[in-house]
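Counting convention: from 1, in listed order, for ligands and their atoms alike. As the structure is a prediction and not an experimental result, all values here were calculated from the model.
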Amino acid sequence: MGLKSFVEVPDDSHFPLENLPYGIFRPKAPVGGDPSQAVAAPRPGVAIGDSVLDLSAISSAGLFDGPLLSNSQCFNQPSLNKFLAMGRPAWKEARATIQKLLSLIKQNEVEMVLPVVIGDYTDFFSSMYHAKNCGTIFRGPENPIPTNWFHLPIAYHGRASSVVVSGTDVIRPSGQGHPVSSSSPYFGPSKKLDFELEMAVIVGPGNELGRPINVNEAYEHIFGLVLMNDWSARDIQAWEYVPLGPFLGKSFSTTISPWIVTLEALEPFACDAPKQEPHPLSYLAEKKHMNYDIPLEVWIKPAEHEKAAIVTKSNFKHLYWTITQQLAHHTINGCNLKPGDLLGTGTISGPEKESLGCLLELTWNGQNELSLNGSPQKFLEDGDEVIFTGYCKVCY
Ligand SMILES: O=C(O)/C=C/C(=O)CC(=O)CC(=O)O
Ligand SMILES: [Ca+2]
Ligand SMILES: [Mg+2]
């Protein structure tokens with residue numbers, strides 16, 4: 001297998017990553033440039049594809065960190081003589097460092113692991129559409145959204161130990177299931193295993209115990225976002241969750257994506273967050289009330305199917321409570337967040353029936369069937385693979 005560089009190397013190039021020949025170069029004076037300008041100094045470089053790697057820049061940046069080259073001036077020279085005088089051990093060290101600096105590893109040749117040690121995991125409940133649908137299903141259509149919901153971002157404390165990286169098998173949990181009408185609760189493997197389409201904040205700098213984070217400074221405490229699946233056993237959840245909230249129905253596994261997308265990368269996709277009525281209390285009223293326009297999709301690939309089928313298309317922008325409001329609310333009582341804490345957004349459902357963020361809503365608690373490339377499906381079956389995607393793109 002050939003080595004691969006992030007520098008594009010044409011297939012027929014004489015200068016792939018395996019070659020790396022040395023020379024002395026200087027940048028050409030710009031055509032029509034001022035002739036009185038000093039000519040750039042000659043310096044050592046190696047050829048890679050159609051480019052030259054400037055070894056004096058690499059050396060000045062301290063990137064030659066091996067024992068022989070770390071304190072050497074051999075690359076800040078107008079010729080290679082000093083480097084040549086150092087002999088083969090230095091040449092080998094230089095080659096290894098340069099190959100490492102220029103290398104790329106194929107994603108399909110690596111295994112990703114959890115990117116952070118998650119100290120604490122909290123899950124919010126911030127899509128109004130999801131809150132309304134769950135409320136209708138679990139509590140009836142009279143007052144589906146609790147009155148506190150419009151005043152504060154509701155959340156529960158999740159389980160950090162069972163947060164796993166995407167690709168990890170999820171074992172169907174057993175537990176007590178909600179009794180049907182007047183019968184007793186049953187025990188056994190969950191019959192209503194579900195996904196929840198979420199994203200989650202990875203906390204950067206935390207706060208000291210007793211010192212809340214101001215909502216207008218919350219942005220500085222957020223490193224980036226991951227995709228998150230808050231797997232949920234609906235039959236266990238429906239029976240256990242009154243009055244303290246979700247427990248064993250969700251703590252058996254929560255999956256996050258291995259790549260954390262930074263808020264800097266998401267900046268071009270910032271958009272207005274939904275208008276909030278009633279106006280939130282001042283500690284939640286933010287100067288910039290922003291969301292991000294991140295199209296999200298969920299696909300399911302049943303074990304015996306060759307292809308995955310799309311089951312929903314939603315968008316991060318549907319969140320009523322923003323991630324900065326969630327973070328400010330989380331700390332308003334003085335609770336301290338720590339670097340690497342995980343804050344789930346809550347299931348991201350949109351307004352349309354094709355944009356609902358979990359099977360509980362999509363099948364209306366198993367009353368309706370979905371069609372996965374022609375096969376009927378309610379909740380998750382053994383062997384199903386659930387695939388989340390989130391991808392924003394500038395339209396030119
Ligand atoms: O409304 C309920 O009783 C329950 C809702 C959920 O299960 C959702 C939850 O975990 C929070 C969320 O993902 O929005
Ligand atoms: Ca959830
Ligand atoms: Mg979970």
query: Which parts of the protein, at residue level, reach under 4.0 Å of ligand 1 through a heavy atom?
result: Asp123, Phe124, Phe125, His130, Cys134, Phe138, Arg139, Tyr156, Glu196, Glu198, Asp230, Arg234, Gln237, Tyr241, Lys250, Gly346, Thr347
When the ring planes of [X] and [Y] are compared, do they come out parallel, tilted or perpendicular, using 30° and 60° as the limits?
{"X": "His329", "Y": "Tyr283", "answer": "parallel"}
{"X": "Tyr320", "Y": "Trp149", "answer": "tilted"}
{"X": "Phe138", "Y": "Tyr241", "answer": "tilted"}

task: Check the pair Leu55, Leu53 against side chain to side chain contact (heavy atoms under 4.5 Å, CB included), reporting the backbone distance first and the verdict last.
output: CA-CA 6 Å; Leu55 297 183; Leu53 180 69; 4.1 Å; yes
query: Is the charged tip of Lys250 near the ring of Tyr156: under 6.0 Å from the six-membered ring centre and within 45° of its axis?
result: no
- prompt: Are there more than 12 heavy atoms of other residues, nucleotides or ligands under 6.0 Å from atom CD of Glu304?
  reply: yes
query: Which protein N, O or S atoms does the Ca ion (ligand 2) have within a distance shorter than 3.0 Å?
result: Asp123 OD2, Glu196 OE1, Glu198 OE2, Asp230 OD2
- prompt: Quick one: are the ring centres of Tyr22 and Phe83 less than 6.0 Å apart?
  reply: yes
- prompt: Can you tell me how far the OH atom of Tyr219 sits from the OG1 atom of Thr324, to the nearest 0.5 Å?
  reply: 10.5 Å
- prompt: Distance from Leu152 atom CG to Trp321 atom CH2, nearest 0.5 Å?
  reply: 6.5 Å
